[in-house]
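Letters A, B, ... mirror the listed sequences (proteins, then strands); counts begin at 1.
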2 protein chains.
Amino acid sequence: MIRVLLAEDQDLVRGAMAALLSMEPDIEVVAEIDRGDEVLTAALQSQPDVALLDIEMPGVDGIAAAAALRGGLPQCRVLMLTTFGRPGYLRRAMSSGATGFMLKDAPAAELAVAIRRTARGERVLDPQLAAQALSDGDSPLSSREAEVLVSAVDGSSAADVARRLFLSEGTVRNHLSAAIQKLGARNRMEAARIAREKGWI
Amino acid sequence: MIRVLLAEDQDLVRGAMAALLSMEPDIEVVAEIDRGDEVLTAALQSQPDVALLDIEMPGVDGIAAAAALRGGLPQCRVLMLTTFGRPGYLRRAMSSGATGFMLKDAPAAELAVAIRRTARGERVLDPQLAAQALSDGDSPLSSREAEVLVSAVDGSSAADVARRLFLSEGTVRNHLSAAIQKLGARNRMEAARIAREKGWI
DNA sequence: ACTTTCAAGTGACCGATGTCACCTCGCAAA
DNA sequence: TTTGCGAGGTGACATCGGTCACTTGAAAGT
């Protein structure tokens, strides 16, 4: 029996996935949670073999949850699950200790197969996405540039961002300008869009 | 037996929902599709009693699919399903002929109940969201203002939008300015964010 | 010790953006 | 039929945003 922990914030989707897995004779869902920050405690209690983690979750995201899990329960493998095929997501998931990485638009029949492979410690990942992640390289943004960019995308002015991050307005504009150039964008919004698509912010 | 058509673009989620519904003795999934523009043809072929439509889909969205369905197969009821609890979504879904409206973070056990009620023609909707939709009122944006706003959110300059919509640059700026004021925003990005949250664009 | 790298800041420049006053035109309700 | 409204446009204005040159200080390689 493979013991599975299921972390996914949308109740309907989580319940449906549990139903899907309940049809497999060798898979048992031993825990269901809807927040990233409850993954570790639930895992310590239920001792799963595989944790199926969504990336987009309230609390902390699935990537941070995977890192916590590797620290607290290293024998538990992680299969990351996400809506968005962003190369940076895959990169960050892998370096936070995930064994597999699966997209939600993969065939439903693949899920059980992927779980079994993950339980055996085999790598599960989309070849296209892996190639993309390798060719894109790592994020060219410095941590400060990324921080300023995320803080500016919601329509805040440079002055707002400066107040929020305790910087001068000129510095904020300089960081944004650097980010815009590094990403080959024409303004902050385009830069944010590109960085989001790559999974860099 | 209630015959159900399932339209949802993410294969894994769709398969999982089909598994969830297959456990109900009185519900049968007679069609599964992943695009909005294939809903009508699939429905005409499979003659479902209830169409379960996701809003976010490639091709045409679930709201447009619902409208097409009401024209081509009026006896089929529509239960709309969506990730985002945006008041404008509910409003537009209802006026395009949906019988029910359900969020993906509703309890999984509710789905079958909602389908049965939809099949009987009863209204299914989240009271909170309905109240919100009523208190928000309809979109204050004129059709042109909304059009200009959606065309400007991706980081395009006013000149770009002007070229794309065959307008003068000044007119684009005027429309954006009107949208910004009507939504109580401070710039085009904030206006876009507000309009998106409400489901007005 | 020296160079490189990055965060941070300053001051200046110019184009883009948001606002306002005011214009025409077509259409629909009073 | 007049009145009002929205689409579309023009020109002017102040502010914001993106860029550049240059400086400082701290950390890390060589």
*Let me know the distance between NZ of Lys182(A) and C1' of dT5(C), rounded to the nearest Å.*
10 Å

*Please report, rounded to the nearest Å, how far the P atom of dG6(D) is from the CD atom of Glu147(B).*
17 Å

*Mind calculating the distance between CG (Leu149(A)) and P (dG18(D)) to the nearest angstrom?*
10 Å

*Could you encode protein contacts along nucleotides 15-30 of chain C as a string, one character per nucleotide from 5' to 3', using B for base contact, S for sugar-phosphate-only contact and - for no contact, with a heavy-atom cut-off of under 4.0 Å?*
--BBBB----------

_Whole-Å gap separating P (dA7(D)) and CG (Leu165(B))_ = 13 Å

*Cationic N near anionic O, under 4.0 Å, Arg116(A) to Asp26(A)*: yes

*Per the end-axis method with five pairs at each terminus, what is the bend angle of the helix from dA1(C)-dT30(D) to dA30(C)-dT1(D), to 10°?*
30°

_Looking at Asp54(A) and Lys104(A), is there a salt bridge between them, counting it only when a charged N and a carboxylate O are closer than 4.0 Å?_
yes

*Rounded to whole angstroms, how far apart are NE2 on His175(A) and C1' on dT19(D)?*
15 Å

*Could you tell me the separation between the NE2 atom of His175(B) and the CD1 atom of Ile180(B), rounded to the nearest 0.5 Å?*
13.0 Å

_Taking any heavy-atom pair under 4.0 Å as a contact, classify Thr171(A): base, sugar-phosphate, or nothing._
base

*Between Arg123(A) and Thr99(A), is any side-chain donor less than 3.5 angstrom from a side-chain acceptor?*
no

_d(CG, Leu141(A); C1', dC6(C)) in whole Å_ = 14 Å

*Judged by modelled atom types alone, do Ser157(A) and Asp160(A) share a side-chain donor-acceptor pair under 3.5 Å?*
yes

_Under a 4.0 Å threshold between the charged nitrogen and the carboxylate oxygen, would Lys182(A) count as salt-bridged to Glu145(A)?_
yes

*Run the salt-bridge test on Asp136(B) and Lys198(B) with the 4.0 Å N-O cut-off and return the result as yes or no.*
yes

*Below 4.0 angstrom, N of the basic side chain to O of the carboxylate: do Arg14(B) and Glu8(B) qualify?*
no

